[in-house]
S.K.: 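Have a look at the structure that comes next, please.
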There are 2 protein chains.
Amino acid sequence: MTAKEVLKDHIAKMASLTEEEFNYCYEHFKPLSFKKGQVVIREGDKVDGEYFVISGCLKAFYINDDVKMHILQFAMPTWWTSDYQALYTQTKASINVDCITDAELLCLTSADREKLCSEIHQVEHFFRWRTNKGYVAAQRRLLSLMNNDAKTRYEELMRLYPQLHDLVPKHLIAAYLGVSRETLSRLY
Amino acid sequence: MTAKEVLKDHIAKMASLTEEEFNYCYEHFKPLSFKKGQVVIREGDKVDGEYFVISGCLKAFYINDDVKMHILQFAMPTWWTSDYQALYTQTKASINVDCITDAELLCLTSADREKLCSEIHQVEHFFRWRTNKGYVAAQRRLLSLMNNDAKTRYEELMRLYPQLHDLVPKHLIAAYLGVSRETLSRLY
DNA sequence: ACTAAATAGTGATGTAGATCACGTAATCCC
DNA sequence: GGGATTACGTGATCTACATCACTATTTAGT
C-alpha cells in the first residue's frame, strides 16, 4: 500500500472526501524518510507542522532537568505526532520527537492544515475527530496514572498495544509508564 | 452578563459566527440550574451531551474500587465538561460530574453538536480548537504528573488557577493532584 | 570480527508519599 | 441552636518505587 493510500483510508474512516478533494489535500503532504535514531523535532527548534506515520515507530518525549526522559506518546502507522503544545501556543518545541525504527512520514505544515480545514469542511471535521480521540486517550491515561500501580499500567499498555512489546525496548516502555527501568524489569 | 452573552463571547474568541448563526445555535442550548452537591452526570447512566459552565464550579471525577476519588477536571465559568470518553465511544458514563458550588449550565446534546457542526463550518472550527486546547492541557498535565513531585504540582496548579485556592476544599485539590489529603496538608 | 554501546537483570538501600489513627474547628441543616 | 457531617491538621508506621551499583547479554558500527 502506498503512503497515499494509507492516508486516504485513514481519513475515510472519519470523513468523506471526494477523489478530487483528497488529491488536492494530498498535494500538501510532504513525504519524508527517516533512519532509526533520527530526530524529527528537536527541543527549542521551531515546529513546522505535524507528522502522519506511514511506517515505523516514533516517540515524543520530554527530558527533564535531571536528564530523565518521559515519553508522551509513541507513534505507529496511521498515528499522528508533533509537539501540539508548541503548535497551539506558537512557541518553540518543548519536547523531542525521534525515530525508534526507520520510518516513513507525511508532513503537513500548520499553515496548510489550517488552509485545508478552512477550504474543505470535511477536512475540519476529520481533524476535530482525530483530536477528540487523542483527548479521550490522554484523559484515560491520566486516570490510569493516578489510579493504578506500575504493574497494572504495564498490563494495560500491553493489552492496548501488544505490538509495543516486541517493537520497543523496555526502558522506553518504562519511560512511557512513568516508572524506572529497574522497577519495570522486576514486575514479571 | 446573560448566559447567552457569555457563550457568545466565548465562541467569538475562536470562531466568527453571524448574529443569525449564533442565535440559531443558541436555540439548541438548554439552560440548567444546579444546587451545590447536585449530580450532573452519574456513573453508569447514559450521557446525553456536554455542559458549558456559566457560573459556579463543577468536578468530573472517577471513583475506583477502593472508593478513592480522582478528579479528571474542574470546570469553571466558560469551561466545558462532560464524560468525553462516553460520548466518543457511545457508552454509559464511566465518571461522575457534580457541582462543587451552585451552578448555571448550558447543555448541548451530542446530536445537536454534530448537527450544528455539519450545518455551520465555523461551529466545527470552534469545536476543533476547543478540543485541541483540552488535548494540549491534558498532555501538559500528564507530563507534570510524571515529572514533578506533589509540592511542585500543587504550586503549578495554584499558579495556573489561583481561584481554585479559595473555591475548592483542599481534599478535592488533593484528588486532582493525585496525592492523599494528608500529604497535601503537610506541604506548607 | 572486534570493540563499543545499548539493553536488561538484580541486590542493597533510601525516600516520597500512602495509610491508619487521632483530635479539632467549621458548616450545614432540620 | 445543637447534633451531624465535612474539612483540616498531625503523629506513627508502612510500602511502592527510586536510586545506586554491578554484571551479563545482545546489537551496532568500522
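Sequence lines set the chain letters: A, B, ... in the order given, protein chains first and strands last, and positions in each chain run from 1.
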S.K.: Ignoring hydrogens and angles, does a donor from either the side chain of R181(B) or the base of dG9(D) sit under 3.5 Å from an acceptor on the other?
M.R.: yes
S.K.: Could you give the CG-to-P distance, from D149(A) to dG17(C), as a whole number of Å?
M.R.: 17 Å
S.K.: Are any non-hydrogen side-chain atoms of R140(B) and L160(B) less than 4.5 angstrom apart?
M.R.: yes
S.K.: Provide, to the nearest angstrom, the distance between the CG atom belonging to N148(B) and the P atom belonging to dA18(D).
M.R.: 15 Å
S.K.: Can you tell me how far C1' of dT15(D) sits from CG of D66(B), to the nearest Å?
M.R.: 15 Å
S.K.: Using a cut-off of strictly less than 4.0 Å, decide whether S180(B) has a side-chain nitrogen or oxygen near OP1 or OP2 of dT19(C).
M.R.: no
S.K.: Can you label the angle between the H10(A) ring and the F126(A) ring as parallel, tilted or perpendicular, going by 30° and 60°?
M.R.: perpendicular
S.K.: Aromatic rings Y188(A) and Y154(A): how do their planes relate, parallel, tilted or perpendicular, breaks at 30° and 60°?
M.R.: perpendicular
S.K.: Between atom CG in L172(B) and atom P in dA7(D), what is the gap in whole Å?
M.R.: 7 Å
S.K.: Ignoring the backbone of S185(A), work out which of dC8(D), dA18(C), dT10(C) is nearest its side chain.
M.R.: dT10(C)
S.K.: Tell me whether the OP1 or OP2 atom of dC17(D) has a side-chain N or O from K151(A) closer than 4.0 Å.
M.R.: no
S.K.: Rounding to a whole Å, what distance do you find between N147(A):CG and dA16(D):C1'?
M.R.: 16 Å
S.K.: Quick one: which of dC17(D), dG9(C), dA12(C) gets closest to the side chain of R186(A)?
M.R.: dA12(C)
S.K.: In whole angstroms, how far is the C1' atom of dG9(C) from the OH atom of Y188(A)?
M.R.: 11 Å
S.K.: Scan G178(A) against the nucleic acid and name what it touches under 4.0 Å (heavy atoms): base, sugar-phosphate only, or nothing.
M.R.: sugar-phosphate
S.K.: Do L58(B) and F74(B) make a side-chain contact, defined as non-hydrogen atoms from C-beta onward lying under 4.5 Å apart?
M.R.: no
S.K.: So, OP1 or OP2 of dA6(C): does either fall under 4.0 Å of a side-chain N or O from K170(A)?
M.R.: no
S.K.: Roughly how many Å is it from CG in L184(A) to C1' in dA16(D), rounded to a whole number?
M.R.: 14 Å
S.K.: Is the CD atom of E20(B) crowded by more than 12 outside heavy atoms at less than 6.0 Å?
M.R.: no
S.K.: Could you tell me whether the phosphate oxygens of dA28(D), OP1 or OP2, come under 4.0 Å of any side-chain nitrogen or oxygen in K36(A)?
M.R.: yes
S.K.: Please state how far atom NE2 in H171(B) lies from atom C1' in dC8(D), giving the value in whole angstrom units.
M.R.: 10 Å
S.K.: Taking atom types as they are modelled, is there a donor-acceptor pair under 3.5 Å from the base of dC20(D) to the side chain of E182(A)?
M.R.: yes
S.K.: Does dG17(C) have its OP1 or OP2 closer than 4.0 Å to a side-chain nitrogen or oxygen of T183(B)?
M.R.: no
